[in-house]
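Predicted model only: the values in this text are computed from it and were never measured. Each chain gets a letter, A, B and so on, in the order the sequences are listed, and its residues count up from 1.
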Amino acid sequence: MSTFADLSKAVESGKRKDAKQIVEDLLAEGTAPLDIVEQGLVPGMSAIGEKFKKNEVFVPEMLIAARAMKECMGILEPLLADAGVKPEFTAVIGTVQGDLHDIGKNLVAMMLKGANFGVVDLGTNVSPDQFVAAAREHNAQLVCLSALLTTTMPAMKTTVEAIRGSDVSAVRVMVGGAPVTQAYCEEIGADGYSQDAASAVDLALELAKS
Amino acid sequence: MDAPPAALIACEVFRDEIDMLAGKARHLRVTRFLEIGLHDQPDRMRVTLQQAIDAMDGRDDIAAIILAYGLCGLGTAGLQAGRHPLVIPRAHDCITVFLGSKESYAERQRACPGCYHYTPGWNRARRVPGPDRLAMMREELSKQFEAEDVDFLIESEEATWATYDTATFIDLGTPNAGREADYTRRCAESMGWRFEHLKGDPALLRDLLHGPWDDERFQTIRPGELLGHSPDEAVMRADPASEK
């Protein structure tokens, strides 16, 4: 019998075929799709994320783990929709203007989907106005800003300013990316900072509910 | 003010440019190059650089330690001065140094966000987008991952390049510039990118090596201080070491 722990391990080690097989087995055993996501996939990604943070693994390991999770989500998403599991919150996410890096942003987007967020991914090099427009259009509770470069961090500040000066000023803004810190988050008036994709989910839930 | 007797710790990426600009400068008593790409792991970079600084700090024939680095993904944030002050350009990364000022870099980023910058050091390390980079990645990844995963990781790397459209060679007039420009052009061709040959500005690197170290362009970290990130135009600042 397959277990959530087996699934987590398969995701963590990037064994996508094993992971998909375990998902199929769990479904055949009558396990609820949402439980598979929350208790199998997300903990697996959290575990590899923890190792990444400690420099025990690097970007390639993160990428193959993310691929395993993504492919499992491909099986589960239609079932979640069929089961009437609707996203409770909507998050707009993107890499800020001038920055073309998206690995971290993609990981957070996927983890948010795993936590049953509706995710509107605007991609990279996203202007402040695009963030504001998307938050308005999708009635988002959360806007997530990513930056990999110290050169593009100031674009986080201008984006926060644009949001605060708009008709969606109440939307919660969270920031992240390698050079970003809690101090910077506070300095630019964002609502929250997280150091990695796993804690980004906890923060997102906290902010969306607040 | 010209530079006092100093030790130089430099990223390997600057080797050709430093060889050209430092010449036989007598005030540079010792030079140590560290491997390129340390910024991939900022925590490791910080430890490696601090060890290099500490190893120089006992010398009595120097009055400063010059760091040919930028902020480099915060890899230099937290570096502490010992007995001798540290001097570092107010640069986000080496591209600022190759272009001569952080203002030039900012302007370049505005004008051409799809430009990927090539220099002799980057080219030599095979860290620039192109066929050699892919071959090297494939060889490295194959030691650890299954063939199917290697293919996926290579495709992922290529996907990150898809957001660029121009290979820009920054020419500081090093003797090998012609050859390295040709290499850059070949990389551009292999990826279907535009090739651009851009004249760099050696002023920032030259002044880092020889002085003067004005506060506008250089950050000095004095004994009892550490290098902090300043998320504004200044790029860097000196924080009291006790705040670490």
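- Heavy-atom distances place the side chain of B:S156, and not its backbone, under 4.5 Å from chain A.
- Judged by distance alone, the side chains of B:D201 and B:S101 never bring a donor and an acceptor atom under 3.5 Å apart.
- For the pair B:R108 and B:E196, the salt-bridge criterion is met [side-chain N within less than 4.0 Å of a carboxylate O].
- For chain A, no part of B:E157 is nearby; none of its heavy atoms comes within less than 4.5 Å.
- Contact annotation for B:D43: only side-chain heavy atoms (C-beta onward) come within less than 4.5 Å of a heavy atom of chain A.
- A salt bridge links A:K15 to B:E146: at least one charged side-chain nitrogen sits closer than 4.0 Å to a carboxylate oxygen.
- Using a cutoff of 4.0 Å between basic side-chain nitrogens and carboxylate oxygens, A:K51 and A:E12 are scored as salt-bridged.
- By number of non-hydrogen pairs under 4.5 angstrom with chain A, the leading residue of B:P231, B:P113, B:G114 is B:P231.
- Counting heavy-atom pairs closer than 4.5 Å to chain B, the top-ranked of the candidates A:L63, A:T151, A:T152, A:I64 is A:T151.
- Contact check on B:E148 versus A:K17 returns a salt bridge, with a Lys/Arg side-chain nitrogen under 4.0 Å from an Asp/Glu carboxylate oxygen.
- For A:Q97, no part sits under 4.5 Å from any heavy atom of chain B, backbone or side chain.
- Of the residues considered (A:L100, A:N55, A:I103, A:D99), A:L100 shows the highest number of contacts with chain B, using heavy-atom pairs under 4.5 Å.
- Judged purely by atom type and a 3.5 angstrom limit, B:D239 has no side-chain atom pairing as donor or acceptor with the backbone of B:L226.
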